[in-house]
Amino acid sequence: MLNIHLVPVEGDTFGMLPERLDAICRANHLQGIYLIPSCNNPTAIIMDMNRRKDIAKVINKHNLILMEDDIFSFLAPQGYLPISHFVPERFVYSLSISKSLSSGMRVGFLAYANQFAEKITHGIFNINIKTSLLNAEVITELINTGSAEKIISQKKEIAKERNLLYQKYFQKENSNENPLSFFRWLPLRQKYQLKQFEQNALEHGIHVYHSHRFLVKNDKSDQFIRISLTSAKDSDELEKGLCILKNFLLNIE
């Protein structure tokens with residue numbers, strides 16, 4: 001909508017490659033970078049501290065604006081710092097409680113470098129988005145009483161259980177995937193059309209997303225499917241879906 005030109009940057013098992021980002025910055029006039037470091041959506045990759053620091057060096061070198069979406073920060077290991085910590089003059093950091101506490105409460109938090117204060121304030125005023133005061137009060141109470149931590153702890157236990165269940169049917173492709181991820185990124189052995197694959201899967205009773213939905217450019221060399229582990233109402237329903245998916249893939253591949 002804003003006519004922003006997106007440029008994909010290659011990555012490895014630890015996320016975006018700093019040397020590729022550096023090369024693309026030298027070849028293009030990039031202004032900003034968008035990252036989900038704690039559990040990348042859709043790959044489930046978690047960026048370790050060394051990679052975060054290396055990416056931060058490139059951001060500072062090329063004066064990029066970091067847009068850090070840390071919605072899955074509660075799934076990161078203890079002591080992990082956001083990339084924003086290393087670029088204090090060049091960041092916009094967003095955090096929502098939609099994954100950690102409740103998607104229906106519509107409460108989020110925003111931190112940013114001082115230089116962006118006026119523009120962000122102006123932007124928020126013009127798009128006229130306002131959080132319900134009741135929702136904000138409920139979330140504040142959950143945080144202050146410690147109830148939020150209890151909810152997060154319970155969610156992490158459920159996520160752990162469901163990830164172990166996933167590994168019962170599919171092997172872990174990347175050793176650096178977040179072990180508590182709410183979703184998985186499964187490679188396909190053959191190439192398929194997005195709508196055809198998703199429709200065939202739906203006819204077998206399973207709803208998954210094909211990787212073409214997530215492409216910045218029309219690069220169709222590798223194909224994956226994104227599997228949600230948390231949309232099923234319980235582990236029994238998830239296991240049923242994983243079993244159907246396993247058989248479905250065996251039959252078409």
Side-chain angles (χ1 to χ4, degrees), residues 1-73 75-77 80-96 99 110-113 115-116 119-120 172-188 191 194 209-227:
M1 290 187 298
L2 300 177
N3 296 315
I4 295 173
H5 177 58
L6 300 179
V7 179
V9 182
E10 293 90 342
D12 60 9
T13 57
F14 291 97
M16 184 180 290
L17 286 163
E19 58 268 27
R20 287 301 304 146
L21 175 62
D22 182 56
I24 289 175
C25 284
R26 285 187 274 108
N28 300 270
H29 180 59
L30 297 191
Q31 293 180 294
I33 176 174
Y34 176 80
L35 293 168
I36 312 176
S38 296
C39 186
N40 180 263
N41 185 8
T43 65
I45 289 176
I46 181 169
M47 191 179 286
D48 68 7
M49 287 309 303
N50 289 331
R51 181 58 58 87
R52 295 182 188 217
K53 292 176 183 177
D54 290 341
I55 289 289
K57 290 177 183 177
V58 181
I59 291 172
N60 283 324
K61 176 182 176 181
H62 293 282
N63 295 319
L64 299 177
I65 298 171
L66 168 64
M67 290 163 282
E68 185 168 14
D69 183 350
D70 218 6
I71 194 171
F72 293 109
S73 60
L75 299 180
Y80 267 47
L81 295 172
I83 302 171
S84 299
H85 177 80
F86 305 103
V87 290
E89 303 300 323
R90 313 209 54 80
F91 79 94
V92 177
Y93 178 92
S94 62
L95 177 66
S96 166
K99 303 299 182 184
L110 195 67
Y112 43 83
Q115 66 166 314
F116 304 127
K119 286 186 177 181
I120 288 177
K172 195 174 183 180
E173 299 292 334
N174 180 354
S175 60
N176 206 47
E177 291 177 1
N178 193 314
L180 300 177
S181 176
F182 286 9
F183 45 85
R184 285 292 168 200
W185 194 234
L186 181 67
L188 295 173
K191 296 184 184 300
L194 181 152
Y209 281 149
H210 191 282
S211 55
H212 288 179
R213 288 180 176 271
F214 302 91
L215 293 178
V216 173
K217 288 188 175 180
N218 195 25
D219 179 8
K220 301 180 180 180
S221 55
D222 296 317
Q223 295 192 1
F224 300 80
I225 53 173
R226 183 186 184 277
I227 304 170

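- With sequence neighbours excluded, no residue satisfies ring-ring contact (aromatic ring centres under 6.0 Å, His included) with F91.
- Among R52, M49, M16, R51, the one residue that satisfies the side-chain contact (heavy atoms from CB on, under 4.5 Å) test with P37 is R52.
- Separation of atoms CG (L95) and CG (D69) is listed at 8.5 Å; rounding is to 0.5 Å.
- A 4.5 Å side-chain heavy-atom check between W185 and N40 finds every atom pair outside the cut-off.
- Remark: R90 pairs with no residue by the salt bridge (charged side-chain N to carboxylate O under 4.0 Å, His left out) rule, at least two apart or across chains.
- A distance-only check finds a donor-acceptor pair linking the side chain of N176 to the backbone of T13 [under 3.5 Å].
- Residues that satisfy the ring-ring contact (aromatic ring centres under 6.0 Å, His included) test with H210, not counting sequence neighbours, are F197, H212.
- Among D70, I71, L75, the single residue meeting the side-chain contact (heavy atoms from CB on, under 4.5 Å) criterion with S73 is D70.
- Applying the salt bridge (charged side-chain N to carboxylate O under 4.0 Å, His left out) criterion to R184, with sequence neighbours excluded, gives E177.
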- [ ] Take L81 and F86 through the side-chain contact (heavy atoms from CB on, under 4.5 Å) test and state the conclusion after the steps.
- [x] CA-CA 9 Å; L81 295 172; F86 305 103; 4.1 Å; yes

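- By the 4.5 Å heavy-atom criterion applied to side chains, H62 and L30 are not counted as neighbours.
- Within 6.0 Å of CD in E10 there are more than 12 heavy atoms belonging to other residues, nucleotides or ligands.
- Taking each heavy atom of I24 and P8 in turn, the nearest pair found is CD1-O, 3.5 Å.
- Shown here are the side-chain contact (heavy atoms from CB on, under 4.5 Å) partners of P179, two or more places apart in sequence or in another chain: there are none.
- Looking at residues two or more places apart in sequence or on another chain, you find no ring-ring contact (aromatic ring centres under 6.0 Å, His included) involving Y93.
- Applying the salt bridge (charged side-chain N to carboxylate O under 4.0 Å, His left out) criterion to D22, with sequence neighbours excluded, gives R26, K61.
- Residues passing the side chain to side chain donor-acceptor pair (under 3.5 Å) test with N178, sequence neighbours excluded: none.
- Counting heavy atoms from C-beta on, the side chains of N174 and T43 never come closer than 4.5 Å.
- R226 forms no cation-pi arrangement with Y209, by the criterion of a distance under 6.0 Å to the ring centre and an angle within 45° of the ring axis.
- Between R20 and D12, no side-chain nitrogen of the basic residue sits less than 4.0 Å from a carboxylate oxygen of the acidic one, so the salt-bridge criterion is not met.
- Remark: side-chain polar atoms of Q115 are paired, donor with acceptor, to backbone N or O of E89 under 3.5 angstrom.
- Residues passing the side-chain contact (heavy atoms from CB on, under 4.5 Å) test with P88: none are found, sequence neighbours excluded.
- The two atoms that bring V58 and P18 nearest to each other are CG2-O, 3.6 Å, heavy atoms only.
- Dense packing is recorded around NZ of K172, with more than 12 heavy atoms of other residues, nucleotides or ligands lying under 6.0 Å away.
- The CD atom of Q31 sits 9.0 Å away from atom CE of M67, with the distance rounded to the nearest 0.5 Å.
- Separation of atoms SG (C39) and CG (L180) is listed at 8.5 Å; rounding is to 0.5 Å.
- One distance of note links OG of S211 with CD1 of I225; it measures 9.0 Å at 0.5 Å rounding.
- Distance alone, capped at 3.5 Å, is enough to place a donor-acceptor pair between the E68 side chain and the I83 backbone.
- Summarising the geometry, atom CD1 belonging to I227 is positioned 4.5 Å from atom CG belonging to L186; distances are rounded to the nearest 0.5 Å.
- For the pair V87 and A56, the tightest heavy-atom approach, listed with the atom from each and the gap, is CG1-O, 3.6 Å.
- F14 pairs by the ring-ring contact (aromatic ring centres under 6.0 Å, His included) definition with nothing, not counting sequence neighbours.
- Checked against side-chain contact (heavy atoms from CB on, under 4.5 Å), N50 has the following partners two or more places apart in sequence or in another chain: D48.
- Among residues two or more places apart in sequence or in another chain, the side-chain contact (heavy atoms from CB on, under 4.5 Å) test is passed with I120 by V92, L110, Y112, F116, I124.
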